[in-house]
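Here is the structure we will look at, set down as structure tokens.
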Amino acid sequence: MISRSSIRYFLNWIVRREEDIGPKVHVEQALRNPGSLPGNWLVAWNIENTGQGPIEIVGGRLPHSQFRAEERELSPRPIVSPGESARLEFEVACDGGPSMTVENAFLILRVNWSKEPWRILARMRVVLDEESTPRAITEMVTTQRIGFSVGRSEN
């Protein structure tokens, strides 16, 4: 019979191993300035590589209807070494009123890490101040391997 402590140890080991896999970043809004159109903002984020190995940033988007930027390929693609940061700018549509809060906005980055494609999902809460200027507060950052759930057919 397997003891409960052995099962707990094994489950904790699995969780720790999963946490060790994938790119790790810290995402923080760096600036926000009026964009090229009314209701648009030029928003920049600092993306700090807090993990192991370099991260190549391929592209990104912000899909929320109230804090939105279409998918954009980056050229040149920033390569961020461990302990370093890159600044990414997006022109974001956000024309809400003063004191409005946008919950569950995301900055979704496509990256290459350890020779594999990954997504970095930074979940944010966006607060508009008295002048309707957006301030994005990163609440959580998660990663997922691209293609991890693709089924394979047998011939």
Side-chain angles (χ1 to χ4, degrees), residues 11-150:
L11 292 175
N12 286 335
W13 179 82
I14 289 171
V15 169
R16 278 195 313 276
R17 290 295 306 144
E18 285 299 313
E19 290 173 354
D20 291 339
I21 297 172
K24 295 198 180 358
V25 298
H26 176 76
V27 177
E28 185 173 313
Q29 183 178 341
L31 66 84
R32 59 194 188 261
N33 290 316
S36 62
L37 300 170
N40 280 13
W41 295 89
L42 184 61
V43 182
W45 284 270
N46 285 331
I47 312 297
E48 180 186 2
N49 182 350
T50 60
Q52 302 296 315
I55 298 170
E56 177 186 35
I57 304 174
V58 176
R61 65 189 172 108
L62 293 106
H64 196 287
S65 63
Q66 294 178 310
F67 195 71
R68 182 171 189 79
E70 297 297 324
E71 175 75 27
R72 181 167 67 96
E73 296 284 325
L74 300 178
S75 181
R77 294 176 174 176
I79 297 176
V80 187
S81 296
E84 294 184 355
S85 295
R87 182 171 285 194
L88 301 181
E89 294 182 351
F90 290 87
E91 183 145 350
V92 179
C94 181
D95 59 359
S99 302
M100 182 179 97
T101 300
V102 178
E103 299 287 347
N104 294 317
F106 279 88
L107 170 62
I108 301 174
L109 301 175
R110 286 182 301 111
V111 303
N112 290 320
W113 178 79
S114 190
K115 300 181 183 179
E116 294 186 5
W118 289 77
R119 275 189 200 89
I120 296 173
L121 300 100
R123 183 171 57 89
M124 297 174 275
R125 180 171 38 91
V126 181
V127 178
L128 280 65
D129 65 16
E130 297 79 31
E131 288 82 38
S132 298
T133 304
R135 183 171 55 96
I137 301 135
T138 303
E139 296 184 326
M140 178 185 287
V141 177
T142 58
T143 61
Q144 63 180 211
R145 190 183 324 242
I146 293 176
F148 76 96
S149 64
V150 176

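Quick caveat, the model's predicted, so the values are computed rather than measured. Computed from heavy atoms alone, side chains included, the values below leave out hydrogens, waters and symmetry copies.
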Practice problem: Any salt bridge (Lys or Arg N to Asp or Glu O under 4.0 Å) involving residues 43-57? Give me the pairs, sequence neighbours left out, ordered by first then second residue. | Solution: E56-R77

Quiz item: Taking only residues two or more places apart in sequence or in another chain, which ones pass salt bridge (Lys or Arg N to Asp or Glu O under 4.0 Å) with R87?
Solution: none

Side-chain polar contacts of residues 94-104 - donor-acceptor pairs under 3.5 angstrom, sequence neighbours left out - could you list them?
none

Quiz prompt | Q52: partners by side chain to side chain donor-acceptor pair (under 3.5 Å), with sequence neighbours left out | solution = none

Quiz item: Nearest heavy-atom pair of V126 and P134: which atoms, and what distance?
Solution: CG1-CB, 3.7 Å

Exercise. List for me each residue that meets side chain to side chain donor-acceptor pair (under 3.5 Å) alongside R125, sequence neighbours excluded, and say none if there are none.
Key: E139

Quiz prompt | Residues forming a salt bridge (Lys or Arg N to Asp or Glu O under 4.0 Å) with E71, sequence neighbours excluded | solution = R61, R110

Quiz item: Listed by chain and number, what are the side chain to side chain donor-acceptor pair (under 3.5 Å) partners of E91, not counting sequence neighbours?
Solution: S36, N40

Quiz item: Judged by atom type as modelled, is there a donor-acceptor pair below 3.5 Å linking the side chain of N49 to the main-chain atoms of E84?
Solution: no

Quiz item: Mind checking what makes salt bridge (Lys or Arg N to Asp or Glu O under 4.0 Å) contact with E70, not counting sequence neighbours?
Solution: R68

Exercise. Please indicate whether R135 has more than 12 foreign heavy atoms, meaning atoms of other residues, nucleotides or ligands, lying under 6.0 Å from its CZ.
Key: no

Exercise. Mind checking salt bridge (Lys or Arg N to Asp or Glu O under 4.0 Å) for R32 and listing every partner two or more places apart, or none if nothing turns up?
Key: none

Quiz item: Got a sec, which residues hit side chain to side chain contact (heavy atoms under 4.5 Å, CB included) with P78, two or more places apart in sequence or on another chain?
Solution: I57, L74, A86, L88

Quiz prompt | E116: partners by side chain to side chain donor-acceptor pair (under 3.5 Å), with sequence neighbours left out | solution = R145

Quiz prompt | Atom of R123, atom of F106 and distance for their closest heavy-atom approach | solution = CB-CE2, 3.5 Å

Self-check item: Test side chain to side chain contact (heavy atoms under 4.5 Å, CB included) applied to T143 - qualifying residues, sequence neighbours left out
Solution: P23, W118, I120

Quiz item: What are the two closest heavy atoms between W113 and P54, and how far apart are they?
Solution: CD1-O, 3.5 Å

